[in-house]
Amino acid sequence: MARKHFEMNSDVRKLIDKYSENHDVEFSDLINKALKFYLVNQMNHKEVKEALRDSDDEVSKYVDETMRSSMGDINRRY
């Protein structure tokens, strides 16, 4: 996959540092999970389904599961 560059602001860096103190997680895994969570919650179901369907047959099997798990994460946070 092509690499993307971004600049992390100091607040995000502090949050990552604090999270890393308490959890054993790879930085790339954390970023991928956080971006997935954010994007799935910003897009509607149809957009998510289209994006993941086109990427890989194996991935498309789990589109509904992804949406359900993300909604579960939202419900647990509030």
Side-chain angles (χ1 to χ4, degrees):
M1 175 180 273
R3 292 184 178 244
K4 303 277 184 181
H5 174 76
F6 72 98
E7 291 186 33
M8 193 178 313
N9 67 38
S10 62
D11 287 344
V12 172
R13 181 76 250 168
K14 289 175 188 175
L15 291 168
I16 289 172
D17 290 344
K18 184 63 174 176
Y19 186 84
S20 296
E21 287 176 16
N22 300 320
H23 300 84
D24 183 30
V25 63
E26 294 281 332
F27 179 74
S28 61
D29 292 338
L30 174 62
I31 296 302
N32 281 304
K33 187 174 182 176
L35 283 172
K36 177 182 168 187
F37 179 80
Y38 176 81
L39 293 170
V40 165
N41 290 300
Q42 295 299 311
M43 300 165 71
N44 65 43
H45 179 76
K46 183 179 177 183
E47 291 171 324
V48 172
K49 193 170 183 176
E50 287 175 0
L52 295 180
R53 179 186 62 231
D54 295 340
S55 63
D56 185 335
D57 288 340
E58 190 68 22
V59 171
S60 67
K61 293 179 190 177
Y62 302 103
V63 171
D64 289 333
E65 180 182 325
T66 300
M67 292 297 290
R68 279 198 277 317
S69 69
S70 293
M71 293 310 289
D73 290 341
I74 290 172
N75 292 334
R76 277 182 250 134
R77 290 202 43 104
Y78 297 104

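This chain uses plain numbering: 1 for the first residue, then up along the sequence.
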Where at least one partner belongs to residues 14-33, residue pairs that pass ring-ring contact (aromatic ring centres under 6.0 Å, His included), sequence neighbours excluded
Tyr19-His23

Can you pull the salt bridge (Lys or Arg N to Asp or Glu O under 4.0 Å) pairs that have at least one residue in residues 22-32, sequence neighbours excluded?
none

Does one hydrophobic cluster hold both Met8 and Val25, with members joined at side-chain heavy-atom distances below 4.5 Å?
yes

Cluster question for you: counting only ILVMFWY and a side-chain heavy-atom cut-off of under 4.5 Å, with indirect links fine, are Tyr38 and Leu52 together?
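In one cluster with Tyr38: Leu52, yes.
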
Between CZ on residue Phe6 and CG on residue Leu35, distance to nearest 0.5 Å
7.5 Å

From Gln42 CD over to Phe37 CZ, what is the distance, rounded to the nearest 0.5 angstrom?
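Here the interatomic distance stands at 10.0 Å.
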
Lys4: side chain to side chain contact (heavy atoms under 4.5 Å, CB included) partners, not counting sequence neighbours:
none

Among His45, Lys46, Glu47, find the one that has a side chain to side chain contact (heavy atoms under 4.5 Å, CB included) with Lys49.
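Result for side chain to side chain contact (heavy atoms under 4.5 Å, CB included) with Lys49: His45.
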
Would you tabulate the side-chain donor-acceptor contacts of residues 10-17 under 3.5 Å, counting partners in other chains and residues two or more places apart, or write 'none'?
from  : atom 1 : to    : atom 2 : distance (Å)
Arg13 : NE     : Asp17 : OD1    : 3.1
Arg13 : NH2    : Asp17 : OD1    : 2.8

Salt bridge (Lys or Arg N to Asp or Glu O under 4.0 Å) partners of Lys18, counting only residues at least two apart
Glu21

